[in-house]
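So the structure is just underneath, and the comments pick up after that.
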Amino acid sequence: MKIFHRCSVTAFTLIEIIVVIATLVVLIAIFLPALAKQRSKNRQIDCANNLKQVGLSFRIWPSGSTDYYPMIVSTNDGGSKEFVNTPEVFRHFQSMSNELGLPKALVCPADKGRKPADDFLKLSNSNLSYFLGVDANENLPQSILSGDRNITNGFAPTNGMLLLMTNQPVGWTKEIHKYQGNVALGDGSVQQASSARLRDEIVRNSDLSTNRIQLP
């Protein structure tokens with residue numbers, strides 16, 4: 001005599017499927033903004049590390065006199081002084097190719113408008129995320145040496161040059177770090193700063209009445 005066993009098949013009902021989908025949607029809505037925020041924070045940290053490398057390169061760059069950065073030294077002596085007040089900001093960083101190591105350090109990972117050059121011979125402003133503070137000096141530890149290019153003083157730059165003064169609306173634009181930015185100072189340190197903190201930094205910089213920066 002054959003005995004037949006009835007197999008019980010359990011299926012999800014339509015309501016159960018809808019509940020599962022709704023739960024997944026809620027979880028995604030909760031975690032995606034947190035992941036995006038963390039990703040943005042990680043990029044800013046990587047950007048700060050790039051600027052630390054830039055600051056260190058300025059400090060160890062060889063010159064005929066201590067406390068001199070390449071933008072103060074003539075091209076005849078390996079510097080980049082002749083490129084101050086020109087659009088070719090990359091020339092200053094190009095003069096430090098040995099100290100920087102790879103051009104990748106000159107591009108912020110959050111800067112979608114720029115990509116690293118293959119090598120320093122091909123370097124141009126399009127491979128550069130960072131401005132240069134042409135008045136920075138190792139003897140002026142709070143002077144602004146470099147930082148994210150999305151900086152503004154509320155006015156259009158003149159031939160790529162901006163003046164950062166205490167009586168101007170200095171700050172960051174929305175691009176790159178969304179109204180935030182990183183700044184390397186004359187002593188080689190790097191600060192992650194809001195627009196308000198950036199203005200405070202300029203006020204504290206009592207050694208200079210203006211900070212001239214070249215934008216790439």
Side-chain angles (χ1 to χ4, degrees), residues 40-41 43-45 47-48 50-52 54-59 61 67-73 79-93 95-96 106-108 110-114 125-126 128-216:
S40 176
K41 184 178 180 180
R43 287 173 176 170
Q44 190 167 3
I45 291 174
C47 178
N50 283 352
L51 281 170
K52 287 179 182 178
V54 169
L56 177 62
S57 298
F58 272 101
R59 290 174 65 85
W61 181 80
D67 307 327
Y68 280 3
Y69 288 153
M71 59 278 196
I72 309 175
V73 178
S80 57
K81 181 179 180 180
E82 286 77 4
F83 293 103
V84 174
N85 292 317
T86 77
E88 298 184 358
V89 188
F90 70 94
R91 298 290 186 183
H92 304 291
F93 297 92
S95 67
M96 300 188 300
L106 299 176
V107 175
C108 170
D111 189 351
K112 302 303 181 183
R114 304 293 161 95
N125 282 357
S126 63
L128 188 58
S129 293
Y130 306 119
F131 66 76
L132 173 73
V134 298
D135 296 314
N137 192 299
E138 193 172 0
N139 286 333
L140 303 173
Q142 293 302 305
S143 58
I144 295 177
L145 175 60
S146 190
D148 289 306
R149 67 183 180 89
N150 61 313
I151 194 170
T152 179
N153 65 353
F155 302 93
T158 302
N159 201 27
M161 189 76 74
L162 283 181
L163 295 179
L164 306 183
M165 303 176 67
T166 56
N167 61 348
Q168 292 177 336
V170 177
W172 306 103
T173 63
K174 184 179 180 181
E175 290 76 21
I176 305 182
H177 296 301
K178 297 182 179 179
Y179 304 109
Q180 299 276 333
N182 295 306
V183 173
L185 301 179
D187 61 1
S189 65
V190 174
Q191 297 184 2
Q192 295 181 353
S194 63
S195 292
R197 186 171 179 181
L198 176 62
R199 289 190 289 270
D200 290 341
E201 189 61 46
I202 293 172
V203 170
R204 282 196 298 270
N205 185 5
S206 59
D207 295 305
L208 293 174
S209 58
T210 63
N211 290 285
R212 294 183 299 161
I213 65 170
Q214 277 184 280
L215 288 171

Notebook entry, point to check: Does the side-chain contact (heavy atoms from CB on, under 4.5 Å) test come out yes or no for L51 and Q191, once each step is laid out?
Noted result: CA-CA 9 Å; L51 281 170; Q191 297 184 2; over 6 Å; no
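- Proximity of a side-chain donor or acceptor of D135 to a complementary backbone N or O of S143 within less than 3.5 Å is not detected.
- Looking at every heavy atom in both residues, W172 comes nearest to S195 through N-OG, 3.0 Å.
- A side-chain donor-acceptor contact under 3.5 Å links S146 to the backbone of F131.
- From K112, atom NZ reaches atom CD1 of I176 across 11.0 Å, with rounding to the nearest 0.5 Å.
- Every residue two or more places apart in sequence or in another chain that forms a side chain to side chain contact (heavy atoms under 4.5 Å, CB included) with V170 is listed here: N153, L164, Q168, L198, R199, I202.
- The line from CD of Q214 to CG of L132 is 6.0 Å long, rounded to the nearest 0.5 Å.
- Closest heavy-atom contact between S129 and R114: OG-CB, 4.0 Å.
- The line from OG of S95 to CZ of F83 is 9.5 Å long, rounded to the nearest 0.5 Å.
- N159 places a side-chain N or O within 3.5 Å of a backbone atom of N85 that can act as its donor or acceptor partner.
- You'll find the side chain of F93 reaches within 4.5 Å of the side chain of V54, heavy atoms only.
- The shortest distance between side-chain heavy atoms of S126 and F90 does not fall below 4.5 Å.
- Remark: the T86 side chain and the E88 side chain contain no N/O donor-acceptor pair separated by less than 3.5 Å.
- Side-chain polar atoms of H177 and Q192 form no donor-acceptor pair below 3.5 angstrom.
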Next item on the list: Might you work through the side-chain contact (heavy atoms from CB on, under 4.5 Å) test for L215 and I151, ending with a clear yes or no?
Entry: CA-CA 9 Å; L215 288 171; I151 194 170; 3.8 Å; yes
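- We find the CG-CE distance between L163 and M165 to be 6.5 Å, quoted to the nearest 0.5 Å.
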Notebook entry, point to check: Could you walk me through whether K81 and V73 pass the side-chain contact (heavy atoms from CB on, under 4.5 Å) check?
Noted result: CA-CA 5 Å; K81 181 179 180 180; V73 178; 5.7 Å; no
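- A distance of 8.5 Å separates CG in L106 from OG in S57, rounded to the nearest 0.5 Å.
- Inter-residue side-chain proximity for M71 and L145 is flagged as met; some heavy-atom pair is nearer than 4.5 Å.
- With sequence neighbours excluded, no residue satisfies side chain to side chain donor-acceptor pair (under 3.5 Å) with S194.
- Residue pairs meeting the salt bridge (Lys or Arg N to Asp or Glu O under 4.0 Å) criterion with at least one member in residues 145-154, sequence neighbours excluded, are D111-R149.
- Here Q180 contributes atom CD and C47 contributes atom SG; the two are 12.0 Å apart, rounded to the nearest 0.5 Å.
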Note to self: Show, in sequence, the C-alpha distance, side-chain angles and deciding distance for V183 and E201, and conclude whether the side-chain contact (heavy atoms from CB on, under 4.5 Å) test is met.
What the structure shows: CA-CA 10 Å; V183 173; E201 189 61 46; 5.6 Å; no
